[in-house]
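As structure tokens, the structure follows; a few thoughts come after it.
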Amino acid sequence: MIGDVVADHGLWFRVESSGAGSGVRRAAERLGMQLQLGERRVADLAIVAAELTSNLVKHAQEGVLLLRPVRRAGRAGVELVAIDSGPGMADLTVSSRDGHSTTGTLGIGLGAIARQATWYDGYSRPGRGTVLAVQIWSGPAPEPSWAGGLVRPITGEQVSGDGYGVRIAEGRRQVLVCDGLGHGPLAAAATEAALAAFRAAPAAPPATVVQHLHRAIGHTRGAALAVAELDPAVGLLRYAGLGNISAMIAVEGERRRGLVSLPGIAGHHRPAVREYEYPFGAGATLVMHSDGVVDRWDLADYPGLLGRSPLVTAATLLRDAGTRRDDASVLVARGWS
């Protein structure tokens with residue numbers, strides 16, 4: 001049996017004026033109704049969307065918001081991720097309390113978001129900006145996700161050639177990051193083919209899965225891709241990659257460790273595929289990204305970030321290390337809750 005955690009690439013909104021709020025709210029309401037969240041939860045979703053966009057307008061610099069469906073264990077919800085490079089907050093917990101304001105307002109924005117959300121997480125540093133992630137579900141929140149990621153297209157494109165996948169296949173926790181060659185629809189088609197093949201792949205080690213993906217996307221222009229398998233029971237991470245996908249293991253207070261991907265293009269020729277094993281103990285985090293994200297980020301600049309959810313960690317790195325000159329994707333996964 002294969003179970004997976006699926007998140008759509010979603011819609012990105014630039015939030016630079018109050019006029020953007022109504023568009024985000026309407027899109028969120030439509031998505032909530034399509035997913036049949038129910039009138040009460042759709043109303044809650046509208047409040048969250050309005051408060052997130054209002055906060056971006058009032059406080060943010062370069063504020064953007066991602067809206068997308070998220071599915072887990074046969075259920076569907078709505079996810080919103082607000083990202084900015086504004087002044088940030090010294091204590092996000094204090095700022096989330098009703099009545100706390102830094103601009104002379106009533107200070108109910110973050111408090112309202114936290115109350116209406118089924119799940120809520122964030123990260124903020126003074127002078128570095130803020131990331132807020134919110135999910136609205138009908139009924140209780142699912143178990144916290146062990147992996148999360150984001151994809152952003154190159155400036156000027158509506159679709160991205162990057163993508164990621166997350167699955168649990170017969171107990172194997174596996175993730176995929178894929179970068180279709182080039183940009184635009186043909187690159188996106190290569191990545192969509194890889195994601196479909198990943199979801200249907202046999203429950204096998206990463207090298208076998210990569211070979212399966214290579215055969216499955218031969219009709220496309222090809223892609224760089226990598227598959228990792230987290231095995232916390234034995235403290236190992238297994239990894240196989242082709243092409244320019246960056247991956248590293250990060251532990252708070254330690255230097256990150258880069259993982260090895262071999263040269264090649266999945267779907268073309270007959271690349272060599274080799275699987276590597278790395279220690280992956282308690283507290284370790286896997287970070288994978290495409291070449292649309294520069295790899296010079298340093299976790300020492302983000303105290304406490306590895307203690308946040310994988311989604312918030314990924315969004316923070318995409319904000320600060322992602323380029324606008326390429327499709328960009330970041331995935332973060334952990335073997336611990």
Side-chain angles (χ1 to χ4, degrees), residues 4-14 27 30-31 34 64-71 76 78-81 83 147-167 174-201 209-228 241-247 261 264-269 271 287-294 311 314-315 317-319 321-333:
D4 56 4
V5 180
V6 182
D8 189 273
H9 291 173
L11 296 173
W12 286 94
F13 296 86
R14 295 181 66 178
R30 285 196 301 269
L31 181 56
Q34 290 169 5
V64 295
L65 186 142
L66 173 65
L67 170 70
R68 63 185 180 181
V70 58
R71 299 177 179 87
V78 175
E79 186 170 82
L80 303 99
V81 184
I83 304 171
L150 296 94
V151 173
R152 187 179 67 195
I154 187 174
T155 299
E157 283 286 357
Q158 298 299 309
V159 296
S160 175
D162 283 7
Y164 69 89
V166 180
R167 71 174 193 162
Q174 295 183 337
V175 295
L176 162 73
V177 171
C178 183
D179 180 355
L181 293 189
H183 310 292
L186 292 180
T191 289
E192 288 302 318
L195 291 172
F198 179 67
R199 289 190 288 268
V209 175
V210 168
Q211 290 166 344
H212 172 84
L213 301 183
H214 166 66
R215 293 190 296 270
I217 67 172
H219 64 289
T220 74
R221 62 167 53 177
L225 55 81
V227 173
L242 291 173
N244 199 13
I245 300 295
S246 296
S261 286
I265 302 171
H268 287 254
H269 311 300
V287 180
M288 297 172 65
H289 58 75
S290 68
D291 61 358
V293 177
V294 297
L311 175 60
L317 295 178
L318 179 64
R319 178 195 65 194
T323 74
R324 295 289 182 177
R325 301 181 304 277
D326 199 355
D327 297 326
S329 59
V330 181
L331 178 137
V332 175

Nearest 0.5 Å, please: how far is CH2 in Trp12 from CZ in Arg68? 8.0 Å

With sequence neighbours excluded, tell me which residues meet side-chain hydrogen bond (donor to acceptor under 3.5 Å, both in side chains) with Asp162. Ser290, Ser329

Separation between CG (Leu11) and CG (Leu65), nearest 0.5 Å, reads 10.0 Å

Kindly give the heavy-atom pair with the smallest separation between His214 and Pro271, and that separation in Å. CE1-CD, 3.3 Å

Minimum heavy-atom separation for Thr220 to Ala189, with atom names? CG2-O, 4.3 Å

Just wondering, do Leu311 and Val81 contact through their side chains at under 4.5 Å, heavy atoms? yes

Under the rule for side-chain hydrogen bond (donor to acceptor under 3.5 Å, both in side chains), what residues qualify as partners of Ser261, not counting sequence neighbours? Tyr239

For Leu331 and Gly165, the nearest pair of non-hydrogen atoms, with its separation, is CD1-O, 4.2 Å

Enter the distance from Asp326:CG to Asp179:CG here, rounded to the nearest 0.5 Å. 6.5 Å

Does a side-chain heavy-atom distance below 4.5 Å link Val209 with Gln174? yes

Heavy-atom closest pair, residues Ala226 and Ile245: CB-CG2, 3.9 Å

Between Ala328 and Gly292, which heavy-atom pair has the shortest distance, and what is it? CB-O, 3.6 Å

Worked check of side chain to side chain contact (heavy atoms under 4.5 Å, CB included) between Leu150 and Val330: CA-CA 6 Å; Leu150 296 94; Val330 181; 5.9 Å; no

Using the side chain to side chain contact (heavy atoms under 4.5 Å, CB included) rule, take Val151 and Tyr164 through it: C-alpha gap first, then chi angles, then the decisive distance, then the call. CA-CA 8 Å; Val151 173; Tyr164 69 89; 3.7 Å; yes

Under 3.5 Å, is there a donor-acceptor pair between the side chain of Arg221 and the main chain of Ala190? no

Which distance, rounded to the nearest 0.5 Å, do you find between the CG of Asp291 and the CG of Asn244? 4.5 Å

Separation between CZ (Arg152) and CD1 (Ile83), nearest 0.5 Å, reads 8.0 Å

Give me the atom names and distance for the closest heavy-atom approach of Pro185 to Glu157. CD-OE1, 4.4 Å

Rounded to the nearest 0.5 Å, what's the gap from CG on Leu213 to CG on Leu195? Could you check? 9.0 Å

Donor-acceptor check, side chain of Ser160 to backbone of Asp327, threshold 3.5 angstrom: yes or no? no

